[in-house]
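None of the values given here were measured: they were computed from a predicted structure. Only this structure's heavy atoms are used, side chains among them; waters, hydrogens and symmetry mates stay out. Every chain is numbered from 1, with letters handed out A, B, ... down the list of sequences.
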Number of protein chains: 2
Amino acid sequence: MTRPLYLQVRDALIERIAAGAWKPGASIPNELDLSREYGVSAGTMRKALEIMESEHVVVRKQGRGTYVIDQATDELRGRYTAVRHANGARVAGHVEIVDVMEGAAHEQECERLRLELSDTVYRIRSVARVAGSPYMVEQISMPARLFPDLLKTNGFPRDISAIAQAHGKLLGKPEERISVGQASPEVAELLLVAPMAPLIVLDRVSISLDGNFVEWRVAQCHLTANCYLA
Amino acid sequence: MTRPLYLQVRDALIERIAAGAWKPGASIPNELDLSREYGVSAGTMRKALEIMESEHVVVRKQGRGTYVIDQATDELRGRYTAVRHANGARVAGHVEIVDVMEGAAHEQECERLRLELSDTVYRIRSVARVAGSPYMVEQISMPARLFPDLLKTNGFPRDISAIAQAHGKLLGKPEERISVGQASPEVAELLLVAPMAPLIVLDRVSISLDGNFVEWRVAQCHLTANCYLA
DNA sequence: AAGTGGTCTAGACCACTCA
DNA sequence: GAGTGGTCTAGACCACTTG
């Protein structure tokens with residue numbers, strides 16, 4: 001029933017990184033020093049670090065060292081912005097916040113984010129445009145408890161990678177579903193398409209590496225023939 | 001420059017499984033016996049087996065043993081049939097072959113399957129129906145060299161998992177892209193939709209674990225609101 | 001040359017499954 | 001209780017990077 005040592009070490013290191021003990025991009029101590037510090041063998045420390053590498057928390061480079069990954073950096077954000085051009089590059093749209101609200105979690109949010117009806121969420125609606133023409137509307141819900149003072153932060157709008165990092169949360173692998181839907185009247189107006197026009201729906205729940213449900217996003221895309229998801 | 005021992009061992013074991021030395025579902029010898037047979041340490045053999053588990057070639061069960069995974073089995077095929085119901089279950093459509101052709105690879109096939117223009121491919125077109133109504137057309141290209149006598153095999157139609165297994169190829173993680181397209185006149189007729197109707201396009205290249213490009217598939221789906229991709 | 005992660009070994013003990 | 005995979009340790013040596 002006891003959690004394996006290498007996972008306990010992983011948890012401790014992740015907590016330390018999330019708390020900012022080592023900044024994104026900085027190197028962390030070598031295996032031997034860390035294993036002595038935590039009182040485990042080098043092999044156990046290695047296993048913990050290998051897991052963290054597979055979780056995109058650190059990168060290890062032979063002959064150089066182990067470095068904290070900057071989750072707000074472009075390459076990583078690729079995991080969180082699935083719309084691509086045919087050449088594989090991310091679609092670099094301009095995101096504009098439509099409105100931000102704070103309110104009691106409704107039933108669907110409770111289910112997806114494992115909340116109680118008494119919990120509070122932030123809701124952010126935004127539109128992404130490329131060369132001025134809108135191609136995606138986004139509806140995001142985030143538990144308010146995890147993001148104190150979110151609305152007061154300047155630098156808004158920012159994507160979930162940056163927000164999570166600023167609040168000491170490291171993102172894990174999101175759960176994602178793709179489906180098709182039709183434009184509601186409001187969405188149609190934002191996207192400049194006809195009501196009932198077919199849209200691709202991206203539904204994503206992001207979970208932090210310490211097990212918190214961090215974000216639920218539903219994006220509705222009006223994709224042109226030259227874009228794809230991957 | 002030398003390939004690490006544990007990868008050499010992995011390669012040898014994968015070749016042995018692909019060749020049918022151990023049948024799908026059967027157990028393989030324990031770590032200690034295997035490590036003695038290959039003249040490596042138990043730790044090295046363990047690492048090879050762990051990699052093979054991550055590649056879905058074997059499953060390891062504490063206290064029981066290590067078992068060859070049947071790639072043609074339902075759970076695994078899930079990786080290769082992305083269309084799901086809202087509850088997560090695979091859409092169990094009935095697939096009907098429209099036509100099968102053999103011919104010289106055209107340019108796009110060469111690019112995707114790393115072939116030369118002189119190579120031969122099989123092309124299979126099929127339609128999937130659920131409760132009689134068509135929802136997906138599929139166009140598959142496979143290098144003829146890798147699948148001798150494909151057309152003579154009975155039991156056709158079968159999906160790529162079963163075909164690959166029968167020809168001693170173990171499938172790795174496919175590359176997949178999702179995009180949107182419009183129904184061509186032919187596709188529209190097969191799917192019973194209007195020409196130019198919006199469709200979801202799944203483009204997938206499957207690579208075997210020994211590095212062969214095994215299949216290129218383009219599926220065009222007419223998804224209803226209750227289905228999604230994942 | 002010094003320092004880092006990567007590979008490889010050998011062996012002890014634990015946790016689980018099944019007869 | 002015998003057999004399996006899972007965890008943990010200790011230490012040697014290799015390959016790569018940097019000053």
Side-chain angles (χ1 to χ4, degrees), chain A residues 1-17 21-70 75-76 209, chain B residues 1-17 21-70 75-76 209:
Chain A
M1 204 54 234
T2 67
R3 193 163 168 77
L5 236 195
Y6 61 87
L7 289 181
Q8 295 180 38
V9 171
R10 180 214 87 124
D11 294 348
L13 289 173
I14 283 195
E15 198 176 336
R16 233 166 125 178
I17 291 174
W22 296 298
K23 298 295 172 205
S27 71
I28 72 177
N30 67 44
E31 283 179 3
L32 217 52
D33 287 348
L34 281 175
S35 63
R36 273 193 288 257
E37 179 180 344
Y38 282 89
V40 301
S41 76
T44 298
M45 182 54 70
R46 164 171 292 273
K47 189 152 183 174
L49 291 169
E50 279 170 348
I51 290 174
M52 290 167 69
E53 181 163 40
S54 78
E55 293 176 319
H56 302 277
V57 180
V58 298
V59 254
R60 318 190 64 197
K61 294 178 186 169
Q62 180 171 172
R64 305 208 19 218
T66 302
Y67 298 83
V68 178
I69 290 183
D70 187 345
E75 306 88 74
L76 252 305
L209 287 178
Chain B
M1 203 55 231
T2 64
R3 194 162 169 75
L5 237 195
Y6 61 87
L7 289 180
Q8 295 179 39
V9 171
R10 180 214 86 124
D11 294 348
L13 289 174
I14 284 196
E15 197 176 337
R16 232 165 127 178
I17 291 173
W22 296 298
K23 298 297 172 205
S27 71
I28 72 177
N30 68 44
E31 283 178 5
L32 216 55
D33 288 347
L34 281 175
S35 62
R36 275 194 286 257
E37 179 181 344
Y38 283 89
V40 301
S41 76
T44 298
M45 182 54 70
R46 164 172 293 272
K47 189 152 182 174
L49 291 169
E50 278 170 349
I51 290 173
M52 292 166 68
E53 181 162 39
S54 77
E55 294 176 320
H56 299 104
V57 180
V58 298
V59 255
R60 308 174 42 111
K61 295 179 185 171
Q62 180 171 172
R64 304 205 23 215
T66 301
Y67 298 84
V68 178
I69 289 183
D70 187 345
E75 306 89 72
L76 252 305
L209 287 179

Quiz item: Between D:dG6, C:dG5, C:dC8, which nucleotide gets closest to the side-chain atoms of A:Glu31?
Solution: C:dG5
Quiz item: Can you tell me how far P of D:dT4 sits from CZ of B:Arg60, to the nearest Å?
Solution: 12 Å
Exercise. Tell me whether the OP1 or OP2 atom of D:dG5 has a side-chain N or O from B:Thr66 closer than 4.0 Å.
Key: yes
Quiz item: Does atom CD of B:Glu15 have more than 12 heavy-atom neighbours from other groups under 6.0 Å away?
Solution: no
Self-check item: Rounded interatomic separation in angstrom, taking CD from B:Glu50 and C1' from C:dT7
Solution: 14 Å
Self-check item: Closest-nucleotide ordering on DNA chain D, the 5'-leading residue of B:Asn30 and A:Ser41
Solution: B:Asn30
Exercise. Provide, to the nearest angstrom, the distance between the CG atom belonging to B:Leu7 and the P atom belonging to D:dA15.
Key: 15 Å
Exercise. Could you point out which residue of B:Ile69, B:Leu13, B:Ile17 forms a side chain to side chain contact (heavy atoms under 4.5 Å, CB included) with B:Val57?
Key: B:Ile17
Self-check item: Value in whole Å for how far the P atom of D:dC8 lies from CG of A:Leu49
Solution: 14 Å
Quiz item: Would you say C:dC8 has OP1 or OP2 under 4.0 Å from some side-chain N or O of B:Lys47?
Solution: no
Quiz item: Atom CG of A:Leu32 and atom P of D:dA12: how far apart are they, to the nearest Å?
Solution: 12 Å
Quiz item: What integer distance in Å separates A:Leu5:CG from C:dC14:C1'?
Solution: 13 Å
Quiz item: Which nucleotide in the list D:dG5, C:dT9, D:dC16 gets nearest to the side chain of A:Gln62?
Solution: D:dC16
Practice problem: Considering non-hydrogen atoms only, spot the tightest contact between B:Tyr38 and B:Ala12 and give its length. | Solution: CE2-CB, 3.8 Å
Quiz prompt | Whole angstrom value for the distance that separates P of D:dG6 from CD of B:Glu53 | solution = 7 Å
Quiz item: Does the C:dG3 base have a donor-acceptor partner in the side chain of A:Arg64 within less than 3.5 Å?
Solution: no
Quiz prompt | Distance-only donor-acceptor test (3.5 Å): side chain A:Arg46, base C:dG5 | solution = no
Exercise. Indicate whether OP1 or OP2 belonging to D:dT7 is found under 4.0 Å from a side-chain N or O atom of A:Tyr6.
Key: yes
Quiz item: Can you check the B:Met45 CE to D:dT4 P distance for me, whole Å?
Solution: 14 Å
Exercise. Kindly point out which of C:dT9, C:dG6, D:dT9 is positioned nearest to the side chain of B:Thr44?
Key: C:dT9
Quiz item: If you look at every heavy atom in B:Trp22 and B:Leu34, which pair is closest and at what distance?
Solution: CH2-CD2, 4.4 Å
Quiz item: Of the non-hydrogen atoms in A:Gln8 and A:Arg3, which two are nearest, and what is the gap between them?
Solution: NE2-O, 2.6 Å
